[in-house]
Amino acid sequence: MVILETECQISAAMMLPAVLVFLLATSALGIPDWWKTSVLYQIYPRSYSDSDGDGNGDIRGIINHLPYIKSLGVGVVWLSPIYSSPWQDMGYDISNFKDVHPKYGTLDDVKELIDKSHQQGMKVFMDFVPNHSSDQHPWFNASRYSVGDAKDYYVWVNPKGYLGGKPIPPNNWLSNFGGSAWEYDEVRKQYYLHEFGPYQPDLNYRNPKLVEQMKDVLRFWFNLGIDGFRCDTVPHLVEDSSFKDEPFLPGCTDPNNRGCLDHIYTENQPETYDVLKQFDEMIQKEYNSTRYLVLEVYASLDKVIKYYQQQSSPFNFFLITDFKRDSTAVELAKVVHDYLQSIPSGMWPNWVVGNHDQSRVGTRMGEDLIDSMNMLILLLPGTAVTFQGEEIGMTDAYIRKDQVLDSVGRDPQRSPVQWDSTKNGGFSTGDKTWLPLNSNYWRVNVKAETAKPKSHLSVYKKTLELRRNLKNPTDFKVNTYGKWVAYFKRDSETESYFYVINLNDREEMIPTSVIGASPTVYIASENAGYSEGNKISEYLVLPPRSSVVLLAPNKMLNKLLRSA
Ligand code: NOJ
Ligand code: MG
């Protein structure tokens, strides 16, 4: 059962079946209020804004755009990795956990960004990458040569044997980026584990000294003023120490396909949950519960839910993994309900539809669903997460073969932010940008959308503004009308709002009696064919893949609900 903060407590017995009931949460749990009420805005620093014309976004570029970020209404800014790094996995390969890549700026710039964000009432998260370091990290070199404490900071295992003098990897584990998860080191004459690229050796969380080092990394940034972290790839933190082969999933036999293996030894191990508990306790004890962690976990719902702790939530990726362009409204309602119903008492939901690892919403779901998806996550109860550029409806850029940087194809969604229609979309004055921009920047850009009365950006901002006035629901349910229409209600102090979405590829007519009021259009997606203020009488007519927020006075609604 989901528990959210509300003003009153209502009895479960009074509720209709399948309605989620939200009870009064005790504030003892220490989830900061700002986490609950905020929208988390993900900045991918190399693509945000380039202040010095070298073709790479930088911290100064973010500072310059703080007024824009503030104008969106978001409350927490999360920076993807800005650490020292050889950039073999775009900063998720860190060579110094306590310093900044010179292309991004200096520690002083970070401090300035934190202070200026705080002055504007916004919190700042960094990316914490606990599973691995870069192979260029001094620890790794020391470890290869078995020098000092770092000797045991990585996962080293002897070869299983030798074939014709050549070492054989310890087991069948595979890397998330393809190939074996083991790399033989000629110096140490052992294999090291890398669950991602061979340049990203896995850290050894069975070593308490390493755990302490990583806690120190958190402390370093907390002490600089960072409010929390998005924690990278946490299910992989610890592996089973028996190093046994992972079994094949039924019907799957390809030994080179990671999807064929059942990851019973490399993911979501009990020890992984223990390490996270230590981080959680540290925040409670040393930072008086004022900081927060959000965890990157792609796993089945039961496993995801187990990651909830007092100071941390796992990301909810189910609107990415289980909700697709072809999904029906019934499926949408199920994804939302299954998630909300599983959240442990007192814990807080969140909603993610995009990040730097996923094809953008406009490309994955179709441009027609851009507004609807933004409206959906902003209006569902809980913290919403927006990847930079989604607010203006950016789509994946075309990357020519000679421009490819990422080995697993994630460049298109990482293209620079489109600020205006000038050279490089206003992202950089340089002659070259690190990744090409989407050529649609002449049309899709912040400046053009700010000037237009109606745009993806205007819909985004208006929905976020509405979100601020909404009370936490005392009950919440996504309803469906037929196979393709979904709707739900949210209340402010004085009004009731209905979000209605048509996921069909043709027009749908929804009798207003279904919703229970004769409402007014409050927000309409660009393709909904309605203007704000339009009165709806008998039928709401929604074009394919469009949505509206309807406004109905509370009183009328409550009367209708009572008579239902
Ligand atoms: C998840 C990050 O989001 C992704 O970009 C990265 O490649 C892997 N973790 C490895 O750190
Ligand atoms: Mg730059």
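Numbering of ligands and ligand atoms starts at 1, following listing order. Everything numeric in this text was worked out from a predicted model, so none of it was measured.
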Only one of F279, F222, F220, Y83 passes ring pair (Phe, Tyr, Trp, His ring centres under 6.0 Å) with F128, and that residue is F279
Could R400 and D402 be called an ion pair, given the rule that one side-chain N must be under 4.0 Å from one carboxylate O?
yes
Please determine if K215 and E212 form a salt bridge, counting it only when a charged side-chain N lies under 4.0 Å from a carboxylate O.
yes
Option from F315, F387, F125 for which ring pair (Phe, Tyr, Trp, His ring centres under 6.0 Å) with W78 holds
F315
Strictly by modelled atom types, are D280 and Q284 linked by a side-chain donor-acceptor pair under 3.5 Å?
yes
Sub-4.5 Å side-chain heavy-atom contact between R410 and H356:
no
Check each N or O atom of ligand 1 against all protein N or O atoms and list the pairs under 3.5 Å, with atom names and distances to 0.1 Å, one per line.
from, atom 1, to, atom 2, distance (Å)
ligand 1, 3 (O), R230, NH2, 2.9
ligand 1, 3 (O), H356, NE2, 2.8
ligand 1, 3 (O), D357, OD2, 2.5
ligand 1, 5 (O), H356, NE2, 3.0
ligand 1, 5 (O), D357, OD1, 2.8
ligand 1, 5 (O), R410, NH1, 3.3
ligand 1, 7 (O), D89, OD1, 3.2
ligand 1, 7 (O), D89, OD2, 2.6
ligand 1, 7 (O), R410, NH1, 3.0
ligand 1, 7 (O), R410, NH2, 3.4
ligand 1, 9 (N), D232, OD1, 2.8
ligand 1, 9 (N), D232, OD2, 3.2
ligand 1, 11 (O), H132, NE2, 3.0
ligand 1, 11 (O), D232, OD2, 2.7

Check this for me, if you would: do D232 and R230 make a salt bridge, where the nitrogen-to-carboxylate-oxygen distance has to be below 4.0 angstrom?
yes
Protein N/O/S atoms under 2.8 Å of the Mg ion (ligand 2)?
D50 OD1, D52 OD1, D54 OD1, N56 O, D58 OD2
Is E267 salt-bridged to R258, cutoff N-O under 4.0 Å?
yes
Test F140 against every option in Y199, Y153, Y192 by the ring pair (Phe, Tyr, Trp, His ring centres under 6.0 Å) rule and name the one that passes.
Y192
